[in-house]
Amino acid sequence: MSLTLWTNCRLATMQADALQAYGLIEDAALVVDGDQIQWVGPRSALPNDLRQRCDAVHDAHGALITPGLIDCHTHLVYGGDRALEFELRLNGATYEDIARRGGGIASTVQATRSAGPDELLQQSQRRLLALLAEGVTTLEIKSGYGLALAHERKTLQVARLLGQQHGVDVRTTFLGAHALPPEFAGRSDDYVDEVLRMLALLHAEGLVDAVDAFCERIAFSPAQVERVFAAASQLKLPVKLHAEQLSDSGGAQLAARFGAISCDHLEWLSDEGAAAMAAARSVAVLLPGAFYFLRETRIPPIELLRRHGVPMAVSTDCNPGTSPCTSLLLMLNMACTLFRLTPEEALAGVTRNAAQALGLRDRGVLAAGMRADFVLWDLQHPAQLSYALGARPSVQTVFNGEPR
Ligand code: NIG
Ligand code: FE
């Protein structure tokens with residue numbers, strides 16, 4: 001393997017136990033061995049023999065380097081859009097009204113089912129490219145707009161294909177229990193049977209990295225979610241949950257009982273829910289785009305999460321109904337302005353804690369032994385990442401040790 005040295009840079013390592021904020025190292029060096037980080041530290045501490053074994057040297061010209069960004073909660077693969085529903089909401093209808101009238105998620109299901117794989121790939125690729133332009137190197141993509149075997153499979157296959165074609169690591173999550181498809185109207189328990197059947201088949205095809213569900217009065221009950229999670233656990237798949245987004249249904253406690261890697265949204269999270277998440281080491285994934293776009297007024301209980309030591313991640317929730325957003329940097333800003341995270345917490349939320357929310361231990365911080373996924377920013381200080389709106393800072397992304 002060849003060694004590459006990156007020098008003349010400032011590193012925000014984001015290591016959890018670092019003494020400096022952001023794990024900042026001034027005048028730093030970073031050595032990459034193939035697809036792994038071999039060494040990070042101040043340039044003055046770089047061992048001479050390691051320096052001599054480097055056969056390529058990159059001058060970063062004073063760039064700030066962070067871990068590659070991780071968008072740990074997206075529904076990026078879908079057909080159509082919901083601009084008309086946006087208009088309906090502005091004329092007074094609520095998100096839940098529209099869902100109950102058969103619009104909302106159901107209308108995206110229709111558009112996703114009628115799109116062929118190529119068309120779905122084209123439409124989704126546009127969103128992916130926007131995320132990649134801001135330094136995303138790992139991305140979770142959920143199914144959940146197919147809601148029938150062929151269409152859930154198509155969604156997951158398109159998600160995997162996007163990863164293969166674009167130099168980004170895509171993790172796929174099966175969200176069959178997202179909404180009740182029209183052909184199962186009035187028969188939600190029967191649909192849960194179908195979700196279990198789809199899960200077993202898609203898992204056998206190697207298309208599923210994790211399992212998610214939407215636990216809400218307009219979606220699935222805790223008892224139904226429990227059946228999905230029990231099946232996932234049998235298959236040894238990690239689970240995560242859309243929990244307490246519109247009401248408190250005790251989803252966080254339920255997810256924690258299954259050792260969920262994350263609970264997501266959490267505007268209505270209770271004290272018991274937060275305690276259960278802390279005990280289960282579940283990550284709280286905060287989605288300020290959905291909060292903003294639905295014009296919610298109740299923010300997730302950030303202080304409670306801090307008090308319980310629950311790690312917080314931040315994500316776009318990229319989806320057509322509640323967060324048509326393709327900027328993870330904008331989510332950093334909104335996590336700070338709307339939810340009052342500090343810029344350091346926000347950046348940890350798209351690096352170290354986002355990795356944990358996906359159950360990944362090999363990324364999210366700059367440290368020896370981690371994947372060589374990192375971003376060079378034309379910025380002085382990591383707080384600038386959360387500060388600006390729409391600034392589009394110039395980035396160079398290194399994915400798997402190679403400039404992308
Ligand atoms: O994460 N909460 C459920 N699912 C999505 C929204 C889906 C939609 O409206 O299309 C979310 O907010
Ligand atoms: Fe979501």
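For ligands, and for the atoms within them, numbers begin at 1 and follow the listed sequence.
If you take CZ on Arg82 and OG1 on Thr108, they are separated by 3.5 Å, rounding to the nearest 0.5 Å.
Taking 2.8 Å as the threshold, Asp317 counts as a candidate ligand of the Fe ion (ligand 2), since one of its N, O or S atoms lies below it. Among the atoms of His265, no N, O or S atom falls under 2.8 Å of the Fe ion (ligand 2).
When the N, O or S atoms of His75 are ranked by distance to the Fe ion (ligand 2), NE2 comes first. Shortest distance from the Fe ion (ligand 2) to His242 is reached at NE2 (N/O/S atoms only).
Inspection of the His242 and Asp264 side chains reveals no N or O donor paired with an N or O acceptor under 3.5 Å.
A salt bridge links Arg160 to Asp209: one of the charged nitrogens lies within less than 4.0 Å of a carboxylate oxygen. With respect to Asp27 and Arg43, a salt bridge is recorded, a charged nitrogen being found less than 4.0 Å from a carboxylate O. Using a 4.0 Å cut-off between a side-chain N of Lys or Arg and a carboxylate O of Asp or Glu, Arg307 and Glu303 do not qualify as a salt bridge. Salt-bridge check for Glu26 with Arg10: passed, with a basic side-chain N closer than 4.0 Å to an acidic carboxylate O.
For ligand 1 and Asp317, the ligand atoms under 4.0 Å from any heavy atom of the residue are 1 (O), 11 (C), 12 (O). Listed by number with element, the atoms of ligand 1 under 4.0 Å from a non-hydrogen atom of Thr322 are 6 (C), 9 (O), 11 (C), 12 (O). In the vicinity of Arg82, heavy-atom distances shorter than 4.0 Å reach the ligand 1 atoms 8 (C), 9 (O), 10 (O). The atoms of ligand 1 that sit less than 4.0 Å from any heavy atom of Tyr95 are 6 (C), 7 (C), 8 (C), 9 (O). Annotation for ligand 1: atoms under 4.0 Å from non-hydrogen atoms of His73 are 1 (O). Counting the atoms of ligand 1 from 1 in the order shown, those under 4.0 Å from a heavy atom of Gly321 are 8 (C), 9 (O), 10 (O).
Using a 4.0 Å cutoff on heavy atoms, Thr108 does not count as a contact of ligand 1. A heavy-atom separation below 4.0 Å is found between His178 and ligand 1.
Side-chain atoms of Leu202 and Thr172, non-hydrogen and from C-beta on, never get closer than 4.5 Å to each other. Counting only heavy atoms from C-beta outward, the side chains of Pro117 and Gln157 never approach each other to under 4.5 Å. Contact of the His265 side chain with the Pro300 side chain is not registered, since no non-hydrogen atoms from C-beta on lie closer than 4.5 Å. Two residues are said to be in side-chain contact when any heavy atoms from C-beta on lie closer than 4.5 Å; Arg404 and Val168 meet this criterion.
Where the criterion is an N or O separation shorter than 3.5 Å, residue side chain and backbone included, Gln245 meets it with respect to ligand 1.
The residue Glu216 has no part lying near ligand 1, judged by heavy-atom distances below 4.0 Å.
Annotation: atom 10 (O) of ligand 1 to nearest protein heavy atom, Tyr145 OH, 2.5 Å.
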